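Structure, as structure tokens:
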Amino acid sequence: MNPIINWTAFLQPYELTVNELKMKLEGIRSQYLVKGLTSPIESVNVRVKSINSILKKAKRMGIALEEIGEKMHDIAGVRIICQFVEDIYTVVKLLKNRDDIQIIYERDYIQTPKSSGYRSYHLHGYYRLETIDGPTSVLFEVQIRTMAMNFWATIEHSLHYKFQEKIPIEIQERLYEAAETAARLDQQMLDIKREIIAYANGNGIRWNGGDGDGTL
């Protein structure tokens, strides 16, 4: 642990940020359900990087300790899981429309997957946190995925950790094939959803999908 930084004070805004975001995002989900609508948000998980992880990443990226707060965007992390691919873009819109969030970077790894097969939608932004000293802006990262994307990414990350990022090429190829299979599953489930909606509309059955903006 580096004695230069008061880590408890440094990390507290990040911890408050992820806790507030989790509460507000789960509140959006609750609002959809109360209205009898299908929420685009299935679940929300949050985490704050450990001190050890922060120091390792700072060393790897050549970030000075005094620059960590400005240059490391993922100390506070939020992961939003959705049922369908189209829900991801609904959630992106919800986040961009919030007054307490300012998005500064986004990357769509769904339309343009990584070479490994990784798919997700990433946003970096500032969250306006109210503190006893007044409002402050806290950097955070959001990853938005379907359940299939998350299943693949979680296992792939675990394997990289166990192999110390030296996975044999033949296993990398199989992981890529698995990612493509997960993507096909996502598309099949979305197609099935659309067929159900078309059937419901054609038979006078109310569909409770909904794509409202949801606020809290």
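As the structure is a prediction and not an experimental result, all values here were calculated from the model.
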Notebook entry, point to check: Considering all heavy atoms of both residues, which atom of Arg128 and which atom of Asp99 are nearest to each other, and what is their separation?
Noted result: NH1-O, 3.0 Å
Next item on the list: Taking the side chain as every heavy atom from C-beta outward, state whether Glu130 and Pro135 have any atom pair closer than 4.5 Å.
Entry: yes
Checklist line | Gap separating the CD1 atom of Ile51 from the NZ atom of Lys56, nearest 0.5 angstrom | finding: 13.5 Å
Notebook entry, point to check: Between CG of Leu25 and CG of Leu95, what distance do you get to the nearest 0.5 Å?
Noted result: 6.0 Å
Next item on the list: Report yes if the side chains of Gln187 and Asp191 come closer than 4.5 Å at any heavy-atom pair, otherwise no.
Entry: yes
Check: Would a 4.5 Å heavy-atom cut-off, applied to side chains only, mark Tyr126 and Leu139 as touching?
Finding: yes
Checklist line | Closest approach of Met72 to Ile54 (non-hydrogen atoms, all atoms of both residues) | finding: CE-O, 3.5 Å
Next item on the list: Check the hydrophobic clustering (I, L, V, M, F, W, Y; side-chain heavy atoms under 4.5 Å; chains of links allowed) and say if Tyr176 and Leu159 are grouped together.
Entry: no
Next item on the list: Supply the atom-to-atom distance Met147 CE to Asp186 CG, rounded to the nearest 0.5 angstrom.
Entry: 8.5 Å
Next item on the list: Look at Glu180 together with Arg119 and state whether they make a salt bridge at an N to O cut-off of under 4.0 Å.
Entry: yes
Item checked: Verdict with supporting geometry, Glu173 and Ile169, side chain to side chain contact (heavy atoms under 4.5 Å, CB included) -> CA-CA 6 Å; Glu173 292 172 351; Ile169 185 65; 3.9 Å; yes
Note to self: Considering only residues two or more places apart or on different chains, which pairs with a residue in residues 35-80 satisfy ring pair (Phe, Tyr, Trp, His ring centres under 6.0 Å)?
What the structure shows: His73-His124
Next item on the list: Indicate yes or no: at least one non-hydrogen side-chain atom of Val78 is less than 4.5 angstrom from one of Thr17.
Entry: no
Margin query: Using 30° and 60° as the class boundaries, would you call the ring planes of Phe10 and Tyr14 parallel, tilted or perpendicular?
Written below: tilted
Check: Taking it one step at a time, do Val18 and Phe140 satisfy side chain to side chain contact (heavy atoms under 4.5 Å, CB included)?
Finding: CA-CA 8 Å; Val18 297; Phe140 72 100; 5.8 Å; no
Checklist line | Stepwise side chain to side chain contact (heavy atoms under 4.5 Å, CB included) check, Val92 with Val142 | finding: CA-CA 10 Å; Val92 170; Val142 181; over 6 Å; no
Next item on the list: Using a cut-off of 6.0 Å, state whether more than 12 heavy atoms not belonging to Glu66 lie near its atom CD.
Entry: yes
Next item on the list: Please report the closest heavy-atom contact between Asp100 and Arg98, naming both atoms and the distance.
Entry: OD1-NE, 3.0 Å
Notebook entry, point to check: Taking all atoms of both residues into account, what is the closest heavy-atom pair of Thr38 and Tyr32, and its distance?
Noted result: O-CD2, 3.8 Å
Note to self: Against Tyr199, only a single residue in Asn203, Asn201, Ile197, Ile196 fulfils side chain to side chain contact (heavy atoms under 4.5 Å, CB included); can you say which?
What the structure shows: Asn203
Next item on the list: Please examine the side chains of Gln83 and Lys193, heavy atoms only from C-beta on, and report whether any two atoms are closer than 4.5 Å.
Entry: no
Checklist line | Separation of Ile144 CD1 from Ile80 CD1 (nearest 0.5 Å) | finding: 5.0 Å
Notebook entry, point to check: Side chain of Arg145, backbone of Val85: donor and acceptor closer than 3.5 Å?
Noted result: no
Check: For Tyr109, does its backbone N or O pair with a side-chain atom of Lys114 as donor and acceptor, under 3.5 Å?
Finding: no
Margin query: My understanding is that only residues two or more places apart in sequence, or in another chain, count here; which of them pass ring pair (Phe, Tyr, Trp, His ring centres under 6.0 Å) with Phe84?
Written below: none
Next item on the list: For the pair Asp74 and Lys57, find out whether any cationic side-chain nitrogen is under 4.0 Å from an anionic carboxylate oxygen.
Entry: yes
Notebook entry, point to check: Between Pro13 and Ala9, what is the shortest heavy-atom contact and its length?
Noted result: CD-O, 3.2 Å
Next item on the list: Please check if any side-chain donor atom of Tyr118 sits under 3.5 Å from a side-chain acceptor atom of Glu156, or the reverse.
Entry: no
Margin query: If you compare all heavy atoms of Leu175 against all heavy atoms of Trp152, which two are closest, and at what distance to 0.1 Å?
Written below: O-NE1, 2.8 Å
Notebook entry, point to check: Are Ile81 and Met189 grouped together when hydrophobic residues (ILVMFWY) are joined by side-chain heavy atoms under 4.5 angstrom apart?
Noted result: no
Check: Could you give the distance from CG (Leu37) to CD (Gln31), rounded to the nearest 0.5 Å?
Finding: 10.5 Å
Margin query: As an exercise, state the distance from CD1 of Ile88 to CD1 of Ile110, rounded to the nearest 0.5 Å.
Written below: 3.5 Å
Check: What do the steps show when you test Leu185 against Gln188 for side chain to side chain contact (heavy atoms under 4.5 Å, CB included), and what is the final call?
Finding: CA-CA 5 Å; Leu185 176 60; Gln188 288 176 335; 4.2 Å; yes
Notebook entry, point to check: Short question: side chain of Thr181, backbone of Glu177 - any donor-acceptor pair under 3.5 Å?
Noted result: yes
Note to self: Among residues at least two apart in sequence or on other chains, which ones pass ring pair (Phe, Tyr, Trp, His ring centres under 6.0 Å) with Tyr89?
What the structure shows: Tyr121
Margin query: Could you see if Ile103 belongs to whatever hydrophobic cluster contains Val44? Use Ile, Leu, Val, Met, Phe, Trp, Tyr and a side-chain cutoff under 4.5 Å.
Written below: yes
